[in-house]
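Quantities reported herein were computed from a predicted structural model and do not represent experimental measurements. For reference, positions follow the sequence shown, starting with 1. Scope of the values below: all heavy atoms of this structure, side chains included, with no hydrogens, waters or symmetry mates.
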Amino acid sequence: MQLTGNYLALAYLVSATLFILGLKSLTHPASARRGNYYAMFGMLLAIAATAFNPAIRSYDFIVAGIVLGAAIGTLIALKIRMTAMPQLVAALHSFVGLTAVLVAVGTYLTHRAQGTLNTVLMAELFVGAFIGAITFTGSLVAFGKLQGIITGRPLIFAGQHILNMMIALVMLGFGVDFLLHNQFGALLILIALALTLGVLLIVPIGGADMPVVVSMLNSYSGWAAAATGFTLGNNLLIITGALVGFSGAILSYIMSKAMNRSIGSIILGGFGGGESTAGTGAVTAAAKGIKTAAVEDAVFLMANASKVIIVPGYGMAVAQAQHALKELVDILESKGVTVHFAIHPVAGRMPGHMNVLLAEADVPYDHVFEMEEINPEFTTADVALVVGANDVTNPAAKSDKSSPIYGMPILDVYKARQIFFIKRSMNPGYSGVENQLFYQDNCSLVFGDAKKVCEKMVVELKAA
């Protein structure tokens with residue numbers, strides 16, 4: 001069975017509509033599951049329609065790719081931990097970039113052998129190749145930083161921006177040579193230069209900027225897919241790539257605004273890394289004049305509070321403490337305590353990281369509030385419980401003009417009557433900036449693994 005052009009176009013139109021509905025549904029946690037189903041059905045329809053395209057002469061490699069890819073994808077989905085989701089997303093972006101490069105090379109060789117090359121097609125190959133190459137290596141570097149394979153700190157050297165500019169200009173020069181003289185060698189050289197540029201663009205970006213980088217690379221992968229769609233003459237791939245490209249770009253802009261930084265400043269050199277020489281434990285805290293508290297102290301105040309606001313961060317994700325937190329919330333609410341969750345736009349290591357973890361623990365959507373909604377409520381909160389969220393709660397962003405994070409919108413945790421901050425050590429957050437919240441009179445640190453601390457809180461609450 002083969003689909004005619006009209007039926008194929010109709011199938012692609014329905015698929016594109018499902019993708020758009022999927023994106024729209026992903027804008028709210030309550031409809032996110034439905035959005036995923038829309039996108040899944042859209043992709044299933046797109047693959048099925050493409051399989052019946054009259055241009056396909058053999059299904060051997062297609063079936064083999066689908067079976068192998070499905071097996072690998074299923075295995076990864078079953079084994080991946082939510083804390084590793086950001087680096088998985090970065091790795092998947094690299095696959096899209098590599099695909100764009102391979103399609104560009106393969107299409108060029110095929111059309112050259114057939115004598116059907118033209119200037120428009122070669123321009124599409126050029127665009128797809130360099131965007132794909134930058135996406136590929138840039139995503140690999142982001143994966144390495146998130147996975148801890150390479151340092152999360154910015155790797156900066158003198159003349160870095162000038163070198164990047166020179167590489168970009170040389171790459172464009174070879175691109176023009178490719179278009180004018182149909183030189184395969186020029187295509188390979190520009191791909192090699194783009195691969196190098198992808199590395200150099202991401203290595204100077206620090207760990208604190210990784211959420212924006214992941215979103216930005218998501219946008220790159222969309223443009224790479226769109227360029228591939230033009231190369232292959234596939235309208236659905238063009239539409240899908242454009243959707244991903246624009247949505248990733250918009251999200252990057254929103255997140256950079258949430259950090260009070262421009263996309264340009266992030267690309268030209270970020271700040272922060274995961275390493276620190278700061279001391280650990282309550283002994284160091286006492287030496288710095290920072291208060292510490294026992295679990296029992298925090299439980300007593302929360303059990304007698306009227307409102308508690310919980311601020312989850314990457315520490316919660318690492319410890320997988322969301323289920324223990326959910327149990328803690330259930331007990332507090334049974335005692336008549338109002339409990340809300342406060343989510344910062346860049347909490348965690350990727351957009352929506354905290355929302356996904358809380359949804360995994362079945363925390364009701366109406367308990368979860370974004371920064372703009374929840375900030376006015378901190379002044380009326382008896383207790384704020386921070387679970388490993390450093391940078392997004394740091395008052396230095398409002399008060400210390402010399403701080404690298406000055407001007408970044410934060411959660412107004414410091415306004416709560418009492419703050420308990422669950423923390424594994426005295427190490428600073430991913431930006432490498434010490435949290436000034438610790439020195440406030442109304443803040444006490446509770447040292448320990450977030451999951452174990454929350455589980456102990458649950459035991460103490462049940463006994464109260």
For [X], does the [atom1] atom sit with more than 12 other heavy atoms under 6.0 Å from it, leaving out its own atoms?
X: Leu75; atom1: CG; result: yes
X: Tyr37; atom1: OH; result: no
X: Tyr365; atom1: OH; result: yes
X: Asp366; atom1: CG; result: yes
X: Phe300; atom1: CZ; result: no
X: Lys24; atom1: NZ; result: no
X: Phe230; atom1: CZ; result: no

Is [X] reaching over with its side chain to a backbone N or O of [Y], donor-acceptor style, under 3.5 angstrom?
X: Thr135; Y: Gly97; value: no
X: Asn375; Y: Ile410; value: yes
X: Thr240; Y: Leu237; value: no
X: His93; Y: Met216; value: no
X: Ser215; Y: Val212; value: no
X: Thr393; Y: Asn390; value: yes
X: Asn394; Y: Glu434; value: yes
X: Thr74; Y: Ala71; value: no

Please output the side-chain donor-acceptor pairs of residues 445-459 that fall under 3.5 Å, not counting sequence neighbours, one pair per line with the distance.
{"from": "Asp449", "atom 1": "OD2", "to": "Lys451", "atom 2": "N", "distance (Å)": "3.1"}
{"from": "Asp449", "atom 1": "OD2", "to": "Lys452", "atom 2": "N", "distance (Å)": "3.1"}

Do [X] and [Y] have side-chain heavy atoms sitting under 4.5 Å apart?
X: Phe136; Y: Val101; result: no
X: Tyr12; Y: Asn234; result: yes
X: Lys462; Y: Glu327; result: yes
X: Leu358; Y: Ile343; result: yes
X: Leu437; Y: Phe421; result: yes
X: Leu357; Y: Met316; result: yes
X: Val96; Y: Val244; result: no
X: Leu201; Y: Asn164; result: yes

**Study point:** Step-by-step side chain to side chain contact (heavy atoms under 4.5 Å, CB included) determination, Val203 to Gln160
**Key:** CA-CA 11 Å; Val203 291; Gln160 192 168 40; 4.2 Å; yes
Check your understanding: Which is it for Leu21 and Arg34 under the side chain to side chain contact (heavy atoms under 4.5 Å, CB included) test, yes or no, and what are the steps along the way?
Key -> CA-CA 9 Å; Leu21 290 174; Arg34 184 171 66 250; over 6 Å; no
Residue pair [X] / [Y]: nearest heavy atoms and the distance that separates them:
X: Ile238; Y: Gly229; value: CG1-C, 3.5 Å
X: Lys291; Y: Asp441; value: NZ-O, 2.7 Å
X: Phe378; Y: Ala342; value: CZ-CB, 3.9 Å
X: Met408; Y: Ala397; value: O-CB, 3.3 Å
X: Val413; Y: Ala384; value: CG1-CB, 3.9 Å

Rounded distance [0.5 Å steps], [atom1] in [X] versus [atom2] in [Y]:
X: Trp223; Y: Asn218; atom1: CH2; atom2: CG; value: 11.0 Å
X: Ile205; Y: Ile156; atom1: CD1; atom2: CD1; value: 10.0 Å
X: Leu197; Y: Leu190; atom1: CG; atom2: CG; value: 11.5 Å
X: Ser139; Y: Phe95; atom1: OG; atom2: CZ; value: 10.0 Å
X: Ser15; Y: Phe41; atom1: OG; atom2: CZ; value: 12.5 Å
X: Glu460; Y: Met302; atom1: CD; atom2: CE; value: 10.5 Å

Review point. How would you list, by chain and number, every residue that makes a ring pair (Phe, Tyr, Trp, His ring centres under 6.0 Å) with Phe130, sequence neighbours excluded?
Key: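 Counting only residues at least two positions away or on another chain, Phe130 forms a ring pair (Phe, Tyr, Trp, His ring centres under 6.0 Å) with Phe126.
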Practice item. Test Lys423 against Asn435 for side chain to side chain contact (heavy atoms under 4.5 Å, CB included), laying out the working first. Key: CA-CA 12 Å; Lys423 195 162 170 49; Asn435 196 340; over 6 Å; no
Check your understanding: Stepwise, does the side-chain hydrogen bond (donor to acceptor under 3.5 Å, both in side chains) test hold for Ser31 with Ser25?
Key -> CA-CA 5 Å; Ser31 57; Ser25 299; 4.8 Å; no
Point to revise | side chain to side chain donor-acceptor pair (under 3.5 Å) pairs, two or more places apart, involving residues 295-307 | key: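 Listed by first then second residue: Ser306-Asp382, Lys307-Glu377, Lys307-Thr380.
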Point to revise | Aromatic plane relationship, Tyr314 with His353 - under 30° parallel, 30 to 60° tilted, over 60° perpendicular | key: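 Answer is tilted, since the angle falls between 30° and 60°.
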Point to revise | Test log, rule side chain to side chain contact (heavy atoms under 4.5 Å, CB included), inputs Arg417 and Asn442 | key: CA-CA 7 Å; Arg417 292 190 182 92; Asn442 62 336; over 6 Å; no
Exercise for review: Evaluate side-chain hydrogen bond (donor to acceptor under 3.5 Å, both in side chains) for Thr17 paired with Tyr38, printing each intermediate quantity in order.
Suggested key: CA-CA 9 Å; Thr17 303; Tyr38 283 145; over 6 Å; no
Check your understanding: Going by distance alone, is a donor N or O of one side chain under 3.5 Å from an acceptor N or O of the other, for Glu373 and His340?
Key ->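 Their side chains do not contain a donor-acceptor pair, so the 3.5 Å distance test is not met.
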